[in-house]
Amino acid sequence: MLDLAIIGGGPAGLTAGLYATRGGLKNVVMFEKGEPGGQITSSSEIENYPGQKNPGESGYDFMSTWWAQCSHFGLKHEWANVVRVSQNADKSFKIELEGGASHDAKAVIVCTGSTPRRAGFAGEDTYFGRGVSTCATCDGFFYKNKEVAVLGGGDTAIEEAIYLANICSKVYVIHRRDEFRAAPVTVEKARKNEKIEFITSATIKEAYGDASGLCGLKLNTKEGERDLAVPGVFTFVGLNVNNEILKQENGEFICDMVDGGQVMVNLKMQTSVAGLFAAGDLRADAPKQVVCAAGDGAVAALSAMSYIESLH
Ligand code: FAD
Ligand code: NAP
């Protein structure tokens with residue numbers, strides 16, 4: 001039986017792992033389906049984590065040292081997709097993995113974060129991966145010196161539009177309102193960039209293309225229909241929390257959730273089930289920042305250690 005299972009290896013999971021192992025827990029496994037680092041590794045830059053030596057470095061570079069530090073203190077990483085967390089009759093937890101294997105653990109911290117949402121316009125799925133992308137760092141280079149579009153008006157959309165403007169000849173930012181959710185300072189920076197053109201109060205009606213991929217977008221704008229002949233569109237329209245693993249066979253969640261599907265926690269990151277903790281973007285009212293996810297992970301690990309101690 002594991003002392004502690006951590007599910008997800010983003011900033012929350014890695015920090016939980018660091019605190020748990022450095023705090024003396026011996027048998028701690030972090031289940032992560034990909035490379036540790038989380039969603040920030042897809043970001044072109046991060047500059048708001050306290051104490052950064054290189055503000056503005058890529059999210060991938062920023063996260064590259066986190067796993068080594070955790071591993072140094074004894075955190076184990078199992079490369080696995082967790083499909084469900086359930087509770088055994090003795091109140092321990094069962095971690096079910098894709099492929100049928102499972103592990104039991106005294107306590108669990110769920111840090112599965114969130115994933116990009118699809119916008120829902122016609123042709124989005126058809127051209128996904130062939131012109132439609134949710135990662136500027138990954139795919140921006142394919143559009144070097146070409147025109148691209150960005151959909152959305154949040155921090156991600158505006159920051160990534162600025163990043164793409166460094167590579168592409170022009171970036172159209174399409175946003176459904178005239179006001180932006182993104183920080184005003186970021187919007188201001190984008191407005192000053194002559195390669196960025198804002199198309200507000202506009203939506204994508206359809207993405208069209210051919211066998212080679214996306215050829216353009218048909219927009220509905222204030223002035224009527226508009227055609228943008230772009231080979232790439234980056235959609236940044238928000239995130240869905242990854243809560244599926246908390247769903248039980250009967251379709252109910254193992255613990256209390258809020259309406260948006262985030263996990264309800266108290267200030268100790270404790271869910272409504274003793275021994276089950278949630279941290280990072282997945283929990284209710286998360287500010288969705290790396291520093292906050294890391295803080296949550298530390299709190300959750302300290303709480304999990306107290307819980308495990310109380311079992312003796
Ligand atoms: P995540 O980072 O989402 O990590 C969750 C991990 O869980 C992932 O690695 C995933 O593979 C794994 N996982 C999920 N489900 C399973 C499963 N079933 N089994 C196994 N593993 C699983 N924040 C800032 O503070 N500053 C920024 O500048 C900034 N820029 C951003 C730019 C972009 C493009 C994006 C997308 C986000 C940005 N953020 C930024 C937000 C920040 O990345 C998140 O708030 C933070 O990563 C959340 O951390 P987390 O550990 O909760 O979740
Ligand atoms: P977000 O803040 O939820 O913004 C999503 C944007 O997409 C909004 O402008 C929204 O429009 C628009 N949108 C939603 N659904 C749409 C649809 N179907 N079609 C067209 N447009 C649609 O998401 P995010 O920008 O990914 O940010 C997520 C979180 O991470 C936020 O809390 C953000 O602050 C944080 N983050 C922080 C940083 C940073 O600190 N530097 C960087 C990136 C992200 P409306 O505005 O009209 O709703």
Side-chain angles (χ1 to χ4, degrees), residues 5-16 30-50 52 55-59 62-63 66-67 77-85 95-98 109-121 124 134-138 150-160 163 173-183 185-187 200-204 234-246 262 278-283 285-297 300:
I6 296 167
I7 303 166
L14 286 164
T15 310
M30 182 185 78
F31 296 90
E32 165 57 61
K33 63 183 174 185
E35 200 178 330
Q39 58 179 287
I40 190 66
T41 57
S42 76
S43 175
S44 53
E45 63 164 42
I46 172 163
E47 61 178 16
N48 58 2
Y49 195 87
Q52 264 182 282
E57 67 199 309
S58 74
F62 171 72
M63 290 306 296
W66 288 43
W67 164 248
H77 170 204
E78 184 161 340
W79 202 295
N81 184 29
V82 174
V83 291
R84 184 175 295 130
V85 175
I95 319 300
E96 295 173 47
L97 309 182
E98 191 176 76
I109 304 176
V110 185
C111 311
T112 44
S114 50
T115 44
R117 205 176 275 155
R118 296 277 168 107
F121 53 83
E124 182 181 26
T134 54
C135 180
T137 328
C138 322
V150 162
L151 180 68
D155 282 310
T156 305
I158 309 305
E159 286 183 6
E160 297 308 294
Y163 169 77
V173 174
I174 304 159
H175 178 40
R176 63 186 180 186
R177 293 188 294 140
D178 282 328
E179 277 148 18
F180 291 87
R181 210 171 273 278
V185 61
T186 312
V187 178
T200 56
S201 293
T203 54
I204 299 178
F234 291 84
T235 59
F236 301 114
V237 295
L239 305 160
N240 287 328
V241 285
N242 300 322
N243 60 18
E244 304 81 9
I245 66 167
L246 296 171
Q262 297 91 346
D281 277 15
L282 174 72
R283 60 112 168 148
D285 293 327
K288 300 205 173 73
Q289 294 287 291
V290 173
V291 66
C292 303
D296 280 6

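If you read the sequence from its start, that first residue is 1, and numbering goes on from there. Remember, it's 1-based here, ligands and their atoms both numbered in the order they're listed.
- Under 4.0 angstrom from ligand 1, the non-hydrogen atoms of T112 come from both its backbone and its side chain.
- By the criterion of a heavy-atom distance under 4.0 Å, neither the backbone nor the side chain of R117 is placed next to ligand 2.
- With a heavy-atom cut-off of 4.0 Å, S114 touches ligand 1 through its backbone alone.
- Within the 4.0 Å heavy-atom criterion, the part of N48 lying near ligand 2 is the side chain and not the backbone.
- Using a 4.0 Å cut-off between heavy atoms, A80 contacts ligand 1 through its backbone alone, with no side-chain atom that close.
- Residue contacts with ligand 2: G120 is excluded, as none of its non-hydrogen atoms falls under 4.0 Å.
- For I204, no heavy-atom contact with ligand 2 is shorter than 4.0 Å.
- The distance criterion of under 3.5 Å between nitrogen or oxygen atoms is not met by A293 with respect to ligand 1.
- Here the heavy atom of the protein found nearest to atom 7 (O) of ligand 2 is V237 CA, 3.2 Å.
- Of the listed residues (I40, N242, N243), the one carrying the non-hydrogen atom nearest atom 38 (C) of ligand 1 is I40.
- Residue-to-ligand polar distances place D281 within reach of ligand 1: an N/O pair is separated by less than 3.5 Å.
- Distances from atom 7 (O) of ligand 1 to the heavy atoms of P116, G154, G8 show the closest one on G8.
- Residue contacts with ligand 1 for N48 involve side-chain atoms from C-beta outward but no N, CA, C or O (heavy atoms, distance under 4.0 Å).
- Polar contact check, E35 against ligand 1: no nitrogen or oxygen pair lies under 3.5 Å apart.
- Only the backbone of F236 comes within 4.0 Å of ligand 2, judged by heavy-atom distances.
- The option from R118, E159, Q39 that lies nearest to atom 42 (C) of ligand 2, judged by heavy atoms, is E159.
- Using a non-hydrogen distance threshold of 4.0 Å, E179 does not register as a contact of ligand 2.
- Ligand-side atoms of ligand 1 in range of F31: 20 (C), 21 (N), range being under 4.0 angstrom from any heavy atom.
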* Take D296 and R283 through the test salt bridge (Lys or Arg N to Asp or Glu O under 4.0 Å) and record every step on the way to the result. => CA-CA 9 Å; D296 280 6; R283 60 112 168 148; 2.7 Å; yes
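- Residue-to-ligand polar distances place R177 within reach of ligand 2: an N/O pair is separated by less than 3.5 Å.
- Taking any N or O of Q39, backbone or side chain, at least one lies under 3.5 Å from an N or O belonging to ligand 1.
- Which parts of ligand 1 touch N81 is read off a 4.0 Å heavy-atom cut-off, strictly below it: atoms 17 (C), 18 (N), 19 (N).
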